[in-house]
Amino acid sequence: MDKYRVTLTAEERVGLEQLVSTGKAAARKLTHARVLLLADTHGEDRSDDDIVADLSTSLRTVARVRHSFVTHSLLAAIDRKSQPPRPDKVKIKGDLEQRLIQLACSDPPQGRCHWTLQLLADELVVLGLVDAVSTETVRQALKKTTLTLGSARLGASHPRRTPTTFGGWKT
C-alpha cells in the first residue's frame, strides 16, 4: 500500500498547533490534528508505527487521516464525515394507519380465521398503499393503537385477586 505523504503549509501547521494547544475540541478532532502534525514531512519523517505508539491510536486511524488529508482536504481529515439523513422512523401514520386498522378489523381472507401480521403487510402492498412494509412495522402500528380483536382487557392472561387465607390482623 502506498503511504500518503502529508505536507502541511505553514498556515495549516500553525492552525493545527493552535487547535491542539487550546484543547477545546472533540477528542477525535484533536487526535486527528496530532496525527497530521506528527505525520508532516517538513519535520522528521515519522513512521505510522511511531505515531501509533505516541498517540495510543490505531494504525488504521493514522492511515485513514493521511489518506483523507492527501485526497480531500485538511477539514475532511479533521472533521467528522456528515451522516446521511435518517429515514422516517414511523412509516405507517395518518390515513395509512387508519386504513390498516380498518383492514385488521375487517373479515380475514377466505380460508383464514384471523388476520396475521404477514397477511396485513401483504394486503397493504397488494392494495398499493405502500411499496414494501415489514411485519414488525405493522406490529408497531397496531400496538400503538389499543386495537383488540378479542377481550376488552389487554394482555394474554388476566391477573386475578387471590383470596387471603387468613382473616386479617387481629388487634
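We count residues from 1, following the sequence as given.
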Quick one: does Ser68's side chain have a donor or acceptor within less than 3.5 Å of a partner on Arg64's backbone?
no
Tell me which pairs pass ring pair (Phe, Tyr, Trp, His ring centres under 6.0 Å) where either residue lies in residues 12-41, with sequence neighbours left out.
none
Assess the residue pair Asp49 and Val62 against the criterion (side chain to side chain contact (heavy atoms under 4.5 Å, CB included)); give the C-alpha distance rounded to whole Å, side-chain angles, the decisive distance to 0.1 Å, and a yes or no.
CA-CA 9 Å; Asp49 293 327; Val62 174; over 6 Å; no
For residues 116-125, dump all side-chain donor-acceptor pairs below 3.5 Å to protein atoms at least two apart in sequence or in another chain.
residue : atom : partner : partner atom : Å
Thr116  : OG1  : Leu119  : N            : 3.1
Gln118  : NE2  : Asp122  : OD1          : 2.9

With side chain to side chain contact (heavy atoms under 4.5 Å, CB included) as the criterion, how do Asp40 and Glu12 come out once you've worked through the C-alpha distance, each side chain's angles and the decisive distance to 0.1 Å?
CA-CA 11 Å; Asp40 185 19; Glu12 291 171 338; over 6 Å; no
Working to the nearest 0.5 angstrom, can you tell me the gap between Ser21 OG and Leu16 CG?
10.5 Å
What's the spacing between Lys29 NZ and Arg80 CZ if we round to 0.5 Å?
11.5 Å
State the CD1-OG distance between Ile51 and Ser56, to the nearest 0.5 angstrom.
13.0 Å
Counting C-beta onward and ignoring hydrogens, is there a side-chain heavy-atom pair between Val133 and Lys91 closer than 4.5 Å?
no
Would you compute the distance between atom NZ of Lys24 and atom CG of Leu19 and round it to the nearest 0.5 angstrom?
12.5 Å
Which heavy atom of Arg28 sits nearest to which heavy atom of Ile78, and what is that distance?
NH1-O, 3.5 Å
Show the nearest heavy-atom pair for residues Leu30 and Ala25, with the distance to one decimal.
CD1-O, 3.7 Å
Which atom pair, heavy atoms only, marks the closest approach of Leu74 to Phe69?
CA-CD1, 3.8 Å
Do Val14 and Val6 sit in the same hydrophobic cluster, where Ile, Leu, Val, Met, Phe, Trp and Tyr count as joined when their side-chain heavy atoms come under 4.5 Å apart?
no
Close side-chain approach of Leu8 to Leu37, heavy-atom, < 4.5 Å
yes
If you draw a 6.0 Å radius around CD in Gln18, do more than 12 non-hydrogen atoms from other residues or ligands fall strictly inside?
no
Between Leu127 and Val138, is there shared hydrophobic-cluster membership here, with clusters defined by ILVMFWY side-chain heavy atoms closer than 4.5 Å?
yes
Using distance only, find each side-chain donor-acceptor pair of residues 99-113 under 3.5 Å and give its atom names and separation, not counting sequence neighbours.
residue : atom : partner : partner atom : Å
Ser106  : OG   : Leu103  : O            : 2.6

